[in-house]
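These notes are about the structure you will find just below.
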Amino acid sequence: MSLLDASVSVAGNYGGDEAGLICGFLFGAEGQGRPLDSSAAAQWLDAGATGGQADGRQFAWLHFNLAHVAAERWLSRHAGLAPEFYEMLHDGVASTRIERVEQSLFAVINDVHFDFALDASDISTLWISVDRRLVLTARRQPLRTADRLRTAIARGDQIRSTTDLLERLMRTQADVLVAIVRSATERVDRVEDDLLADRRVARRARLGSLRRVLVRLQRLLAPEPATLFRLLQNPPGWMAPTDVQELRAAAEEFSVVLHDMQLLQERIKLLQEEIAASVNEDNNRSLYVLTVVTVLALPINILAGLFGMNVGGIPLAESGHGFWIVVALVGAFTIVAGWLALRRQRKDR
């Protein structure tokens, strides 16, 4: 059976085939991707390992679901990856980075879930291995970046090389981040409009949750500058100078998006401070009203307590005008207390 006969379209297979392969594409000199399944990919990889590959200009992209129990076993048997890649899968370090190991590139890219809804937990990791003839990506949950690239290739987009595919992955992730920043900006705009209109629907909790998401995205998605700098200064021999420049441009685009995200965080912080100041002002006003009411009620409470004691010698107990005298005293004290409170309020203004 030929490689072409064994090739099947797995573009819509999110869970993966029997080996955990979600999608695979074989690229020729023209840059068009031809779908591969796991058996065809194994034939192609084994032929290259034994020197039987017919076209040295071919390269492939294989995207695996690591939640499938057979995925790592298939990779160990056919992919010929360095041990550092498997260490990277299990080391638990989730920072975004690109490292060179001999003539291969290993990358960790944190991406958002396919159904991302601006939640701090909707972030997962994409592991990438790149050499001259193979780009291998692996994830445990459906991610937007890989799905967008898969759709673009299935639509007919041309990929020139494995480095070009890595650069497309980074740019696609930058596009996903742009969409996230745009969505978050719209939410912040609505909160800001409500605050300016003095509508009490602006809640600090909503802004706080959004800010935590952006902080986590920036912490996980920002590439480590040291590893990226070392790669760009000392790229593998098979990487063309044009590919290095495009990778550098993709990293700069990534930095611009992260800078916009940082500015949005500062804007959210200012809105939170404004809302907190407004809430504190309302609380102070309420406490002031409560204090004034307490002060106004203080004379009558004191006199009621004194004259209500069941002891002898209560003043004005035998006077026919005692009640009105007490009312006059309470009214006078209340008027004086109210005048003092209003005077203090005017001074505060």
Side-chain angles (χ1 to χ4, degrees), residues 1-86 88-89 101 103-107 109 126-143 145-169 172 238:
M1 182 173 59
S2 67
L3 184 64
L4 180 60
D5 294 334
S7 299
V8 294
S9 176
V10 291
N13 190 355
Y14 284 90
D17 60 10
E18 67 275 4
L21 180 66
I22 302 170
C23 65
F25 294 95
L26 180 65
F27 300 90
E30 72 283 356
Q32 293 290 337
R34 187 173 60 189
L36 290 176
D37 65 358
S38 56
S39 60
Q43 292 179 25
W44 184 80
L45 289 171
D46 294 341
T50 58
Q53 185 177 347
D55 189 354
R57 294 174 297 177
Q58 288 183 335
F59 62 95
W61 174 38
L62 303 178
H63 183 47
F64 279 86
N65 177 17
L66 291 178
H68 197 292
V69 294
E72 285 197 45
R73 186 167 59 249
W74 191 97
L75 294 176
S76 300
R77 184 179 303 171
H78 300 287
L81 301 174
E84 288 82 356
F85 180 79
Y86 299 100
M88 187 173 63
L89 288 180
V101 178
Q103 290 300 310
S104 299
L105 301 180
F106 294 152
I109 293 180
L126 181 71
W127 292 273
I128 306 173
S129 171
V130 182
D131 59 27
R132 184 184 59 82
R133 60 191 295 266
L134 176 64
V135 176
L136 189 142
T137 58
R139 54 78 169 167
R140 290 191 172 92
Q141 294 174 311
L143 303 176
T145 296
D147 185 76
R148 286 192 176 188
L149 183 58
R150 175 195 62 81
T151 303
I153 294 174
R155 192 174 55 237
D157 285 13
Q158 295 183 348
I159 305 295
R160 297 181 292 99
S161 63
T162 55
T163 308
D164 184 30
L165 199 147
L166 175 62
E167 182 260 339
R168 288 284 296 271
L169 276 172
T172 303
W238 49 265

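This one's a predicted model, so the numbers in the text were calculated from it and none came from an experiment.
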Hey, mind stepping through Ile153 and Arg168 against side-chain contact (heavy atoms from CB on, under 4.5 Å) and telling me if it holds?
CA-CA 11 Å; Ile153 294 174; Arg168 288 284 296 271; 5.6 Å; no
Report the C-alpha separation of Asn65 and Arg140 in whole Å, then their side-chain angles, then the decisive distance to 0.1 Å, and conclude whether the side chain to side chain donor-acceptor pair (under 3.5 Å) test is met.
CA-CA 6 Å; Asn65 177 17; Arg140 290 191 172 92; over 6 Å; no
Check the pair Leu134, Thr162 against side-chain contact (heavy atoms from CB on, under 4.5 Å), reporting the backbone distance first and the verdict last.
CA-CA 7 Å; Leu134 176 64; Thr162 55; 5.9 Å; no
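Taking each heavy atom of Ser129 and Leu81 in turn, the nearest pair found is OG-CD2, 3.4 Å. Nearest approach of Ile159 to Phe59, heavy atoms of both residues: O-CZ, 3.3 Å. Across all their heavy atoms, Leu62 and Gly24 have their closest contact at CD2-CA, 4.0 Å. When all heavy atoms are compared, the tightest approach of Ala107 to Met88 is O-CE, 3.8 Å. Nearest heavy atom pair, residue Gly28 against residue Gln58, reads CA-CG, 4.3 Å.
With respect to Asp131 and Arg133, no salt bridge is recorded, no charged nitrogen being found less than 4.0 Å from a carboxylate O.
Looking at residues two or more places apart in sequence or on another chain, you find a side-chain hydrogen bond (donor to acceptor under 3.5 Å, both in side chains) between Ser161 and Asp243. For Thr145, the side-chain hydrogen bond (donor to acceptor under 3.5 Å, both in side chains) partners are Asp111, not counting sequence neighbours.
In this structure, Leu89 CG and Glu72 CD are separated by 5.5 Å, a value rounded to the nearest 0.5 Å. The CD1 atom of Ile22 lies 7.5 Å from the OG1 atom of Thr137; values are rounded to the nearest 0.5 Å. We find the CG-SG distance between Asp37 and Cys23 to be 12.0 Å, quoted to the nearest 0.5 Å. Between Ile128 atom CD1 and Ser104 atom OG the span is 13.5 Å, to the nearest 0.5 Å. Separation of atoms CG (Leu169) and CG (Leu126) is listed at 6.5 Å; rounding is to 0.5 Å. Rounding to the nearest 0.5 Å gives a distance of 12.5 Å between CZ of Arg160 and CZ of Phe27.
The shortest distance between side-chain heavy atoms of Gln158 and Gln32 falls below 4.5 Å. In this structure, Leu66 and His68 have side chains that are not in contact, with every pair of non-hydrogen atoms separated by 4.5 Å or more. Arg150 places a side-chain heavy atom less than 4.5 Å from the side chain of Phe25. Within the 4.5 Å cutoff, the side chain of Leu26 has heavy atoms near those of the Trp44 side chain. Looking only at side-chain heavy atoms (C-beta outward), Ile109 and Trp127 stay at 4.5 Å or farther from each other.
In terms of modelled atom types and a separation under 3.5 Å, the side chain of His78 and the main chain of Asp46 share no donor-acceptor contact. Without hydrogens or angle criteria, Trp61 side chain to Leu165 main chain gives no donor-acceptor distance under 3.5 Å.
In this structure, Phe64 and Trp74 have tilted ring planes: the angle between them lies in the 30° to 60° band.
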